[in-house]
Amino acid sequence: MSKYFGTDGIRGKYGDNLDAALSYKTGRAVAEFFNKGACFVGRDTRVSGPEIEEALVKGITDGGADITLLGIVPTPAVAHLAMKHKAACGIMISASHNPPEYNGIKIFDASGVKLTEEQEGSIEYYIDNQPAKSQSKGKVKTLGSAAEEYVDNVVKTANFNFDGLKIRLDCGYGAVSTVAKEAYTRLHADIETENNSLRGEKINAYCGALYPNYVRNSMKSTDTRLGFACDGDADRLSVVYDGEIIDGDSVLYNISRNMKLEGGVVVGTVLTNLALEKKLESEGKKLLRTPVGDKFICDLMFRKGYNLGGEQSGHFIVYPAATTGDGLLSSIFFARSLIKDGKLSAPVKLNLCPQKAIAEYASPSIMYDEGLRKMIDEQSERLEGIGRLIVRMSGTEPKVRVMVECERAELVDEILAEFKTYINGVGIK
């Protein structure tokens with residue numbers, strides 16, 4: 001198990017398990033691992049962002065690597081710009097969908113792809129075993145056109161005229177605030193943004209992708225039928241249509257309708273609903289599953305050449321336009337899928353198999369608990385042929401996540417209740 005990295009980079013409450021000291025050490029480690037190659041660094045709006053950036057920059061430059069600062073931009077912009085400008089790596093300072101008190105460090109390689117677990121392990125080694133300072137200090141510059149260059153890529157990739165389509169987008173006080181209105185305006189949409197001020201103390205606070213009810217409620221007094229919400233770093237998307245929140249698997253399916261799928265494949269995760277798998281099979285296509293986390297989806301996509309993947313949580317990857325989850329670009333592809341003969345049509349909504357999940361606080365050691373392992377075996381046998389069970393440790397929080405999917409809704413609730421009781425009984429040791 002990684003010491004610092006979770007499923008999506010280094011993450012924690014600032015001042016607790018993530019601080020300036022760790023940020024500095026991470027910078028030194030990055031400079032060493034990427035052989036003093038140039039680094040592109042962006043951030044979201046969080047209050048702790050400038051402090052982490054300052055420490056990270058000092059660590060990288062003390063390690064002899066040059067830095068280009070991108071300012072406040074979405075995570076996919078960092079990945080794109082690092083690749084475009086042939087940097088050794090891109091770094092995003094963000095805790096994605098987490099509350100304002102959290103922050104994190106995401107790292108991309110020269111191809112705009114998140115690091116493998118092996119690469120993260122090497123950086124962790126250098127964090128704990130700091131290399132000697134470089135004799136020559138790295139230089140720092142700013143790319144003032146970062147947001148504009150990212151928007152240019154989004155607009156070019158979309159290649160579509162929305163001709164006045166009304167859209168409402170909740171920016172969640174996050175990084176998409178710097179690019180959303182410009183991108184949709186250039187695509188000729190009638191775009192209305194909210195929560196678009198750069199107030200990091202409010203990022204993801206009961207708004208954004210984790211709270212799609214916010215944009216749904218704000219649409220009630222308008223004639224706007226299509227609404228979107230992005231999280232803090234804009235790698236996650238939620239969708240509202242005609243007052244109804246569209247589940248992530250249905251969003252992924254609708255995006256797929258407007259694409260020529262390489263190999264007839266959509267890449268999902270172990271949590272992807274069976275309904276999507278069956279719907280694709282009915283069309284002669286197939287769903288391939290990976291572990292939870294968009295970096296695993298991307299890894300399979302890039303190795304096999306597939307061009308669409310995503311998670312029901314709202315990460316969608318349209319490759320090669322994006323090499324990581326891109327909320328803004330995904331919203332555009334989804335909107336495109338609804339335009340028929342110049343008019344807005346309703347999305348296809350999958351008939352989802354009942355699926356619920358819980359997340360209970362516990363130490364990682366619980367995954368080795370004999371009682372929990374026995375319960376997993378017994379309940380998996382109980383669900384054989386009619387459903388699925390996934391039990392895993394969260395990569396971003398000290399919680400056990402349990403997902404149950406079954407044709408019988410009452411059995412889903414019953415099994416989750418048993419897991420909840422057991423996990424809380426073991427607790428955090």
Side-chain angles (χ1 to χ4, degrees), residues 1-12 18 26 29-30 33-34 39-42 44 74-83 87-98 102-124 127 175 209 230-237 248 252 265-272 287-327 329-330 390 392-397 401:
M1 185 171 292
S2 296
K3 183 175 180 180
Y4 301 109
F5 284 88
T7 55
D8 198 14
I10 298 171
R11 192 175 301 187
L18 174 63
T26 302
V30 165
F33 178 77
F34 287 102
C39 304
F40 274 42
V41 178
D44 66 18
T75 285
V78 173
H80 168 71
L81 292 169
M83 182 169 51
C89 69
I91 303 175
M92 180 67 178
I93 301 168
S94 172
S96 195
H97 62 281
N98 288 139
Y102 284 79
N103 215 325
I105 300 172
K106 301 183 183 184
I107 306 173
F108 298 87
D109 66 16
S111 300
V113 176
K114 289 179 181 177
L115 304 186
T116 65
E117 291 180 341
E118 291 77 13
Q119 290 172 317
E120 291 173 345
S122 296
I123 289 178
E124 288 189 342
I127 290 175
C230 287
D231 67 340
D233 67 337
D235 68 348
R236 185 181 292 219
L237 174 74
L252 183 58
V265 167
V266 173
V267 181
T269 75
V270 292
L271 298 183
T272 301
L287 175 76
L288 296 182
R289 298 179 185 271
T290 74
V292 174
D294 66 331
K295 71 178 181 181
F296 298 111
I297 294 173
C298 291
D299 177 63
L300 179 59
M301 289 176 63
F302 306 157
R303 282 191 292 107
K304 299 294 186 178
Y306 304 134
N307 58 341
L308 179 63
E311 297 182 283
Q312 59 184 199
S313 61
H315 291 116
F316 307 108
I317 303 97
V318 181
Y319 181 74
T323 56
T324 189
D326 190 325
L329 188 61
S330 299
I390 305 293
R392 65 185 180 89
M393 199 69 200
S394 171
T396 58
E397 300 173 280
R401 299 187 182 276

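All of these numbers come straight from a predicted model, not from anything done at the bench.
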Q) Closest heavy-atom contact between I107 and V30? A) CD1-CG2, 3.8 Å

Q | Pair R236 + D294: basic N to acidic O under 4.0 Å | A | no

Q | Check: E124 side chain, K3 main-chain N or O, donor-acceptor pair, under 3.5 Å | A | yes

Q.
Within this structure, what is the OH-CG distance for the pair Y319 and L308, rounded to the nearest 0.5 Å?
A. 13.5 Å

Q: Could you walk me through whether T324 and K106 pass side-chain contact (heavy atoms from CB on, under 4.5 Å), step by step?
A: CA-CA 11 Å; T324 189; K106 301 183 183 184; over 6 Å; no

Q | Short N-O contact, D8 and K295, less than 4.0 angstrom | A | no

Q: I would like to know whether F5 and I123 meet side-chain contact (heavy atoms from CB on, under 4.5 Å); could you show each step before the answer?
A: CA-CA 10 Å; F5 284 88; I123 289 178; 4.1 Å; yes

**Q.** Over all atoms of both residues, closest heavy-atom pair of A110 and A87
**A.** CB-O, 3.3 Å

Q | Exercise: identify the closest heavy-atom pair between R289 and T272 | A | NH1-O, 2.6 Å

Q: Would you give the length of the straight line joining atom CG of L300 to atom OG1 of T269, rounded to the nearest 0.5 angstrom?
A: 12.0 Å

Q) Shortest non-hydrogen contact from F296 to P291? A) CB-O, 3.8 Å

**Q.** Closest non-hydrogen atom pair between D44 and S94, with its separation
**A.** OD2-OG, 2.8 Å

Q: Decide yes or no on side-chain contact (heavy atoms from CB on, under 4.5 Å) for E311 and L271, but give the supporting numbers first.
A: CA-CA 8 Å; E311 297 182 283; L271 298 183; over 6 Å; no

Q | Heavy-atom closest contact (H97 atom, D231 atom, distance) | A | N-OD2, 3.5 Å

Q. Can you tell me how far CG of D109 sits from CZ of F34, rounded to the nearest 0.5 angstrom?
A. 6.5 Å

Q: Calculate, to the nearest 0.5 Å, the distance between atoms CG and CE belonging to D233 and M92 respectively.
A: 5.0 Å

Q.
Consider side chain to side chain contact (heavy atoms under 4.5 Å, CB included). Of V270, I390, I297, which one does V292 pass it with?
A. V270

(Q) Nearest 0.5 angstrom please: L252 CG to I317 CD1, how far? (A) 9.0 Å

Q.
If only side-chain N and O atoms count, and only distance matters, is there a donor-acceptor pair under 3.5 Å linking S96 with D235?
A. yes

Q: Begin with the C-alpha distance, continue with both residues' side-chain angles, and end with the deciding distance and a verdict on side-chain contact (heavy atoms from CB on, under 4.5 Å) for D299 and T290.
A: CA-CA 9 Å; D299 177 63; T290 74; over 6 Å; no

Q. Just how far is it from atom OG1 of T26 to atom CG of L18, taken to the nearest 0.5 Å?
A. 7.5 Å

Q) Can you find a pair of side-chain heavy atoms, one from T75 and one from F108, that are under 4.5 Å apart? A) yes

